[in-house]
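The residues of the chain are indexed from 1 along the displayed sequence.
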Amino acid sequence: MNLRDMLLITDSTEGTGCKYLAGFEDYMAVLFRAFEGSETEIAHAAGELCRTKGNSRWTEIYPAVNKTLHARFCSDEWELRNFLIGSHAMTEGVVSFDEDRCTKECLDVLTAYNMDCEGSPLIGKLRYEAVAHDFRQGEVLHNLNGCDYSVLMVLNKNDLFLMAMKGGQFLIAEGTREYVRYPKEGVYSGDSIIRGVEWDRGIYLGNSLSEIDMDYMRREYGAGYDAGQNESSMDGEPEL
């Protein structure tokens with residue numbers, strides 16, 4: 001299962017709450033039971049759910065008296081982690097995670113994204129394998145911590161000038177390498193193979209491009225480096 005095909009669901013029944021992960025077919029089964037005989041209600045609820053993709057909305061349905069379900073499609077691993085550690089649609093009472101209500105495919109997604117049921121990193125469950133990659137100005141890199149970065153400048157083979165896609169913070173990523181990450185044990189699908197980068201050290205430069213000394217950066221990191229296809233990235237200001 002792909003991360004963005006998974007549903008985040010909270011279930012509140014008479015003040016007692018739980019949360020779990022499910023696929024679209026599982027949720028449709030809930031709709032058919034809740035609105036049996038009403039195709040209009042089922043179609044409306046399914047449409048509302050689909051409209052949660054690409055925004056922060058949650059759907060809300062009432063499958064029984066004193067029972068409320070909130071659901072949405074997961075947008076990224078940061079949202080998944082926040083959901084597991086306590087950020088959810090319900091605002092009152094304690095909400096526990098119900099692993100038994102999750103499908104195996106959803107639990108496999110947690111493993112692939114290096115999380116346990118509480119959103120904490122796994123220990124010793126994943127294998128990292130370095131892969132060759134020529135970094136290019138303009139590409140977007142996915143860091144294995146869950147963040148995405150735009151490459152503004154290739155300073156040399158493994159040192160990059162980046163901008164965080166969320167927040168717009170600039171940084172120099174020293175010793176950047178690309179990896180594939182996958183579970184060490186069991187049978188896993190292609191969706192469990194996560195590709196991304198990590199770096200040895202990140203030097204964070206704030207959010208103001210005008211305060212960054214580009215000439216110093218080029219001299220410090222780019223001296224003697226034959227950028228090849230990235231020569232244009234060494235000659236002017238980065239393209240934003």
Side-chain angles (χ1 to χ4, degrees), residues 1-123 125-126 142 144-148 165-167 183 188-189 191-192 194:
M1 175 183 288
N2 187 281
L3 173 73
R4 291 176 176 81
D5 293 331
M6 186 171 65
L7 302 180
L8 313 178
I9 301 176
T10 61
D11 181 335
S12 176
T13 304
E14 297 183 345
T16 300
C18 74
K19 56 189 175 183
Y20 63 98
L21 309 171
F24 183 72
E25 292 183 0
D26 305 301
Y27 190 73
M28 288 301 297
V30 173
L31 295 183
F32 278 108
R33 289 194 298 270
F35 304 116
E36 184 177 2
S38 178
E39 295 181 358
T40 301
E41 290 282 1
I42 294 171
H44 175 75
E48 288 295 303
L49 176 66
C50 290
R51 280 188 280 275
T52 66
K53 288 191 172 186
N55 58 47
S56 59
R57 295 174 56 188
W58 288 76
T59 64
E60 184 177 80
I61 65 169
Y62 305 93
V65 177
N66 296 325
K67 184 179 182 68
T68 307
L69 285 183
H70 294 87
R72 64 169 280 104
F73 278 100
C74 184
S75 60
D76 55 38
E77 56 198 277
W78 279 100
E79 182 179 41
L80 174 58
R81 181 175 286 108
N82 288 335
F83 177 76
L84 295 172
I85 65 178
S87 176
H88 45 74
M90 301 172 66
T91 57
E92 297 181 0
V94 177
V95 181
S96 59
F97 186 80
D98 191 343
E99 184 176 352
D100 291 337
R101 296 181 68 173
C102 301
T103 62
K104 178 184 180 302
E105 290 79 9
C106 291
L107 296 177
D108 287 345
V109 171
L110 291 188
T111 300
Y113 283 90
N114 195 29
M115 300 180 206
D116 63 16
C117 293
E118 296 179 347
S120 301
L122 302 172
I123 305 298
K125 297 288 187 180
L126 299 171
H142 179 73
L144 291 174
N145 67 6
C147 299
D148 292 332
M165 302 297 286
K166 285 187 177 181
Y188 56 87
S189 68
D191 289 331
S192 295
I194 307 301

Note, [X] side chain near [Y] side chain (heavy atom, < 4.5 Å):
X: His70; Y: Ile61; answer: no
X: Ser192; Y: Thr111; answer: no
X: Tyr20; Y: Asp26; answer: no
X: Phe35; Y: Thr40; answer: no
X: Phe97; Y: Cys102; answer: yes
X: Leu107; Y: Glu99; answer: yes
X: Leu7; Y: Leu49; answer: yes
X: Arg57; Y: Arg51; answer: yes

Calculate, to the nearest 0.5 Å, the distance between atoms [atom1] and [atom2] belonging to [X] and [Y] respectively.
X: Thr10; Y: Glu60; atom1: OG1; atom2: CD; answer: 9.0 Å
X: Glu79; Y: Leu84; atom1: CD; atom2: CG; answer: 10.5 Å
X: Met165; Y: Asp148; atom1: CE; atom2: CG; answer: 7.0 Å
X: Ser96; Y: Lys19; atom1: OG; atom2: NZ; answer: 8.5 Å
X: Asp5; Y: Cys74; atom1: CG; atom2: SG; answer: 10.5 Å

Grab the two heavy atoms, one from [X] and one from [Y], that are nearest each other, plus how far apart they are.
X: Gly23; Y: Cys106; result: N-SG, 4.1 Å
X: Ile194; Y: Ala112; result: CG1-O, 3.4 Å
X: Asn145; Y: Glu77; result: C-OE1, 4.2 Å
X: Met6; Y: Val109; result: CE-CG1, 3.9 Å
X: Arg81; Y: Tyr113; result: NH2-O, 4.1 Å

For the residue pair Phe24 and Phe73, categorise the inter-ring angle as parallel (less than 30°), tilted (30 to 60°) or perpendicular (more than 60°).
parallel

**Asked** Considering residues, nucleotides and ligands other than His142, do more than 12 of their heavy atoms fall under 6.0 Å from its NE2?
**Response** yes

Inset, instruction - Return yes when atom NZ of Lys67 has more than 12 non-hydrogen atoms of other residues, nucleotides or ligands closer than 6.0 Å, and no otherwise. - result: yes

*When you look at Ile42 and Met28, which way does the side-chain contact (heavy atoms from CB on, under 4.5 Å) test go after all the steps?*
CA-CA 8 Å; Ile42 294 171; Met28 288 301 297; 3.9 Å; yes

N/O donor-acceptor pair under 3.5 Å between Asp116 side chain and Leu122 backbone
no

Would you confirm whether Thr68, through its side chain, and Ser12, through its main-chain N or O, come within 3.5 Å as a donor-acceptor pair?
-> no

> So Leu31 and Glu41, side-chain contact (heavy atoms from CB on, under 4.5 Å) or not? Walk me through it.
Replying inline: CA-CA 9 Å; Leu31 295 183; Glu41 290 282 1; over 6 Å; no

Given the options Ile9, Thr103, Leu80, Leu21 meets side chain to side chain contact (heavy atoms under 4.5 Å, CB included) only with Leu80

